[in-house]
Amino acid sequence: MTMEYTDRLTRVEPSATLAISALATELENEGADVVDLSVGEPDFPTPENIVRAGKDAMDAGHTGYTTSAGILELREAIADKLAADGLDHDTDEIIVTPGAKQALYEIVQALVGEGDEVVLLDPAWVSYEAMVKMAGGELTRVDLSESDFQLEPALDDLAEAVSDETELLIVNSPSNPTGAVYSDDALEGVRDLAVEHDVTVISDEIYKEITYGVEPTSLGTLEGMADRTVTVNGFSKAYSMTGWRLGYFAGPEDLIDQAGKLHSHSVSSAVNFVQHAGVEALENTETAVEQMVEAFEERRDLVVDLLEDHDVDVAVPEGAFYMMLPVDEECEALRTSEDGSGDEPRPVDQAWCEGALEDAHVATVPGSAFGTPGYARISYAASEERLTEGIERLADEGYL
Ligand SMILES: Cc1ncc(COP(=O)(O)O)c(C=O)c1O
């Protein structure tokens with residue numbers, strides 16, 4: 001039988017990163033030692049106290065359904081965390097989700113309808129595009145690659161992109177994939193446009209706790225933004241809890257009520273005992289988070305130095321654990337490679353990433369997956385030894 005699939009799915013492409021991970025797995029299965037710099041998760045275990053709290057919660061019988069929006073104790077802890085960031089939200093303005101991804105999905109479903117315009121800052125995390133397209137929205141993209149991925153110099157371009165037709169703007173600072181942290185002036189520029197054109201803004205702050213010497217401002221704290229900002233955060237990155245699936249969003253009560261319908265009719269709630277572990281994460285994990293962030297900062301410096309040794313300049317990230325490596329066909333490996341496949345020409349970053357994986361056994365993600373060809377995303381959530389090995393291999397094989 002041939003099934004007929006909905007437009008909402010057929011207009012979405014499978015993730016471009018899949019081709020790279022499929023190739024990496026294939027190589028590993030053949031016995032290759034692949035240095036994986038493509039991963040989007042910390043390489044640290046979940047801190048022990050959080051694991052213990054999860055186990056204790058299971059033992060204590062916290063294994064049934066919870067209130068759809070999440071247990072009150074966790075929403076109170078989240079409200080306290082948000083208040084510390086300057087955001088004022090009651091517990092009934094917060095929904096706890098199985099991961100920040102689900103939070104983003106619910107917000108987009110609540111706000112974006114057929115033909116609605118959504119503005120993204122490129123390079124942008126891969127799933128924003130898919131979520132908007134599944135909701136029937138249209139994308140307008142603003143390229144930040146000419147300004148070292150900073151938003152402030154690109155505010156004029158953003159002003160051209162945002163209009164009264166714009167429904168939603170998605171801001172992600174610190175950014176995946178660039179690691180850029182947007183300045184207060186940039187965020188104020190966003191605020192001015194959002195207020196002028198009556199636009200709702202998602203502030204995806206999932207990397208907010210992972211920064212190096214800068215203190216990112218939450219968009220919702222700016223004057224005029226409280227009633228038009230939906231703040232998204234989660235536990236995956238700061239607490240190394242990717243597989244636990246725990247996140248949340250906070251916003252105006254009306255939006256929470258509407259999105260709450262989708263939440264209750266789809267996931268019901270986040271997992272009960274995981275929510276209890278989340279309380280522990282927010283309340284008692286400061287030192288472990290600090291240690292992890294310190295390690296990331298050292299690795300960032302290491303990678304920037306190693307690349308500099310090979311005359312490669314990158315925009316130095318101030319947050320998250322990614323950086324964008326400029327790649328072009330001038331690198332020795334691509335100049336000398338023969339593309340005899342007869343296939344359609346691929347963007348240079350895809351050729352670079354596939355070549356780097358095949359020849360150097362180093363996995364990275366092509367920038368075109370984030371809307372910005374000409375770069376490869378490196379994740380430095382790997383040990384210093386593996387990072388050094390990866391960069392040296394790329395250099396030896398002519399990719400730097
Ligand atoms: C920018 C950004 N937002 C949201 C997410 C979703 O994270 P999770 O669903 O694991 O909480 C990710 C994960 O990679 C991300 O990079």
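Note that ligands are numbered from 1 as they come in the structure, with each ligand's atoms numbered from 1 the same way. Position 1 is the first residue of the sequence; numbering continues from there.
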Distances under 3.5 Å, N/O of ligand 1 against N/O of the protein: list each pair and its distance.
unit_1, atom_1, unit_2, atom_2, d
ligand 1, 3 (N), Asp204, OD2, 2.6
ligand 1, 9 (O), Ala100, N, 3.2
ligand 1, 9 (O), Lys101, N, 2.9
ligand 1, 9 (O), Arg245, NH2, 2.7
ligand 1, 10 (O), Ser236, OG, 2.6
ligand 1, 10 (O), Arg245, NH1, 2.8
ligand 1, 11 (O), Ala100, N, 2.7
ligand 1, 11 (O), Ser236, OG, 3.3
ligand 1, 14 (O), Lys237, NZ, 2.7
ligand 1, 16 (O), Asn176, ND2, 2.8
ligand 1, 16 (O), Tyr207, OH, 2.8

Look up atom CG in Leu169 and atom CZ in Arg228, then write down how far apart they are to the nearest 0.5 Å.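 Separation between the atoms: 11.0 Å.
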- Taking the six-membered ring for Trp, are His276 and His62 parallel (under 30°), tilted (30 to 60°) or perpendicular (over 60°)?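 The rings of His276 and His62 lie parallel, inter-plane angle below 30°.
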Original post:
Strictly by modelled atom types, are Asp359 and Tyr399 linked by a side-chain donor-acceptor pair under 3.5 Å?
Top reply: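 The criterion, which ignores hydrogens and geometry beyond distance, is satisfied for Tyr399 and Asp359.
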Check: Is a side-chain donor-acceptor pair under 3.5 Å present for Glu318 with Thr211?
Finding: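 Distance-only check fails for Thr211 and Glu318.
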*Do Leu121 and Val126 belong to the same hydrophobic cluster, where Ile, Leu, Val, Met, Phe, Trp and Tyr are linked whenever their side-chain heavy atoms lie under 4.5 Å apart, directly or via other members?*
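No, because Leu121 and Val126 fall into different hydrophobic clusters, even though each may have its own neighbours under 4.5 Å.
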**OP:** Would you check if the distance from the ring center of Tyr128 to the ring center of Tyr105 is below 6.0 Å?
**Re:**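 Between Tyr105 and Tyr128, which both carry aromatic rings, the centre distance is not below 6.0 Å.
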